[in-house]
Student: 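Below you will find the structure I want to go over with you.
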There are 2 protein chains.
Amino acid sequence: MALSHTILAVLSRESLSGYDISKRFEESVSCYWQASQQQIYRELGKMESQGWVTHETVLQAGKPDKKIYSITDVGHGELARWFVEPTEPTPIREDLLVKVLAAPFVSIDSLRQELQRRRQLHLEKLIDYQAMAAAYQAMPHPPKTERFRYLTLRRGLRYEQDWIDWCDEVLDFLKQDSPE
Amino acid sequence: MALSHTILAVLSRESLSGYDISKRFEESVSCYWQASQQQIYRELGKMESQGWVTHETVLQAGKPDKKIYSITDVGHGELARWFVEPTEPTPIREDLLVKVLAAPFVSIDSLRQELQRRRQLHLEKLIDYQAMAAAYQAMPHPPKTERFRYLTLRRGLRYEQDWIDWCDEVLDFLKQDSPE
DNA sequence: TTGACATACTCAACAATTTGAGTATACCTT
DNA sequence: AAGGTATACTCAAATTGTTGAGTATGTCAA
């Protein structure tokens, strides 16, 4: 149940509505944790029933009401409890690698196309992340929370770069590999 | 439902029992697709009802009977159909990065320990993969299927190395970062 | 003025994954 | 003789994740 802990981490910095948490996920957490709005709303409901968060309804003019969620002491305790548990590397499930394995039985040409498509996707993400990194580096005295957020962004940057490099390696291999 | 396609890819090379498929996953597919025995058995049942695979029961002396599964023409057609569909990068969910984000609110010292633990885990996997790569490189004329399997291993190698490099980067950052 | 987009949340159904127990045999070590 | 490990598979429950519909209001551009 690490989704709830990710939400706790986000709420540790500031109180937010479900909708805002969802946006925060898209903007800055998405390189290592993705969750849909529905998941977040449902999780917040569960977390509230466990006493990890509370909410206050805020009426807005011209917009629907919103529920601003805040972390409680119980929630902070839970975050601290979870924090010291060892984490295992996340299991990976990569369709593209399954295709590499299947390619000799299906089509190497299709694989080549797919690799080029994927390389492009990863390049686009990399460029996004580079822009975020540049924004961080332009800050004269980034606060502690930003410095740690930057470390997670570094992981994202490396990850995308690594995919690009591997795609290039495989495309290069496919050029040289003799059919048999 | 890409688990079924991974199984189809494995069965394209050779017919195997559920148990053997599970072992194959652990040995050579695990760097990009993990599945438990239960998942594989259940998936094989579904795949058989769709006509993608068939099985033959093999009686064994001193061991339980086993069901050897083979890919059918329908199964191969399905693999080919799936193969040309574009794949999206897999959503990532990394507990460790959530911990980096939460660290300023919890404990930077615990984070440091956890990073060292994780670095070690990734290093062990890297060493495993390097041994597999060496075994491949020792083959004088690797068959096509092996050459493609090696490409997936290259992804695993890069992935583990990248984690190690990032852990080092963060540990280095934590040494220099001044508290505030 | 129509349609796209943004805010803000709820509910339901379905699919996938995880966890754990259960059944059975045989080999090998202590 | 007991315990650990390996082979080989089944069933069920709980949790998690995905998909899509539904409700409501406001802004902005074509």
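Because the structure is predicted, anything quoted here is derived from the model rather than measured. Letters A, B, ... mirror the listed sequences (proteins, then strands); counts begin at 1.
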Student: Which whole-number value in Å describes the distance from A:Leu3 CG to C:dT17 P?
Tutor: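 Spelled out: CG on A:Leu3 to P on C:dT17 is 17 Å.
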
Student: Would you list the pairs meeting ring-ring contact (aromatic ring centres under 6.0 Å, His included) in which at least one residue belongs to residues 94-118 of chain A, sequence neighbours left out?
Tutor: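 Listed by first then second residue: nothing to list.
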
Student: How close or far is atom C1' of D:dG17 from atom CH2 of A:Trp33, stated in whole angstroms?
Tutor: 12 Å

Student: Less than 4.0 angstrom between a side-chain N/O of B:Ser36 and OP1 or OP2 of C:dT17, yes or no?
Tutor: no

Student: Distance check needed: D:dA8 C1' versus B:Phe25 CZ, whole Å only.
Tutor: 17 Å

Student: Report yes if at least one side-chain N or O of B:Lys46 is closer than 4.0 Å to OP1 or OP2 of C:dA15; otherwise report no.
Tutor: no

Student: Go through C:dT18, D:dC9, C:dA8 for me and flag the one nearest to the B:Arg42 side chain.
Tutor: C:dT18

Student: Below the 4.0 Å mark, does C:dA6 have OP1 or OP2 next to a side-chain nitrogen or oxygen of A:Lys23?
Tutor: no

Student: Report the distance from atom CG of B:Leu16 to atom C1' of D:dT7, rounded to the nearest whole Å.
Tutor: 15 Å

Student: Given D:dC9, C:dA8, C:dT17, identify the nucleotide with an atom nearest to the side chain of B:Lys66.
Tutor: D:dC9

Student: Which pairs count as ring-ring contact (aromatic ring centres under 6.0 Å, His included) when at least one residue sits in residues 113-132 of chain B, sequence neighbours excluded?
Tutor: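 ring-ring contact (aromatic ring centres under 6.0 Å, His included) check on residues 113-132 of chain B returns B:His122-B:Trp163.
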
Student: Taking only side-chain nitrogens and oxygens of B:Arg93, does any of them come within less than 4.0 Å of OP1 or OP2 of D:dG17?
Tutor: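 So the side-chain polar atoms of B:Arg93 do come within 4.0 Å of the phosphate oxygens OP1 or OP2 of D:dG17, strictly under.
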
Student: I want to check one thing: is the phosphate of C:dC9, taken as OP1 and OP2, less than 4.0 Å away from some side-chain N or O of A:Tyr41?
Tutor: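 Yes, such a contact exists.
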
Student: Whole angstroms only, please: what is the CD-P distance between B:Glu26 and D:dA8?
Tutor: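 In whole Å, D:dA8 P lies 14 Å from B:Glu26 CD.
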
Student: Quick one: B:Asp20 CG to D:dT7 C1', roughly how many Å, whole number?
Tutor: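 These atoms are roughly 9 Å apart.
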
Student: Have A:Asp109 and A:Gln113 got a donor and an acceptor in their side chains that come within less than 3.5 Å?
Tutor: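 Distance-only check fails for A:Asp109 and A:Gln113.
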
Student: Within a radius of less than 6.0 Å around CG of A:Asp172, do more than 12 heavy atoms belonging to other residues, nucleotides or ligands occur?
Tutor: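 Check passes, neighbour count above 12.
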
Student: Are the aromatic ring centres of A:His5 and A:Trp52 under 6.0 angstrom apart?
Tutor: yes

Student: Could you tell me how far apart B:Gln34 (CD) and C:dA16 (P) are, to the nearest whole angstrom?
Tutor: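 Value for this atom pair: 19 Å.
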
Student: Any side-chain N or O of B:Gln38 below 4.0 angstrom from OP1/OP2 of D:dT10?
Tutor: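 The answer is no; no side-chain N or O of B:Gln38 sits under 4.0 Å from OP1 or OP2.
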
Student: Does B:Lys67 make a side-chain N or O approach to OP1 or OP2 of D:dT10 shorter than 4.0 Å?
Tutor: yes

Student: Which nucleotide wins on minimum distance to the side chain of B:Gln37, given the candidates D:dC9, D:dG17, C:dC9?
Tutor: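 Selected nucleotide (nearest to the side chain): D:dC9.
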
Student: How many Å lie between CG on A:Asp65 and P on D:dT23, as a whole number?
Tutor: 18 Å

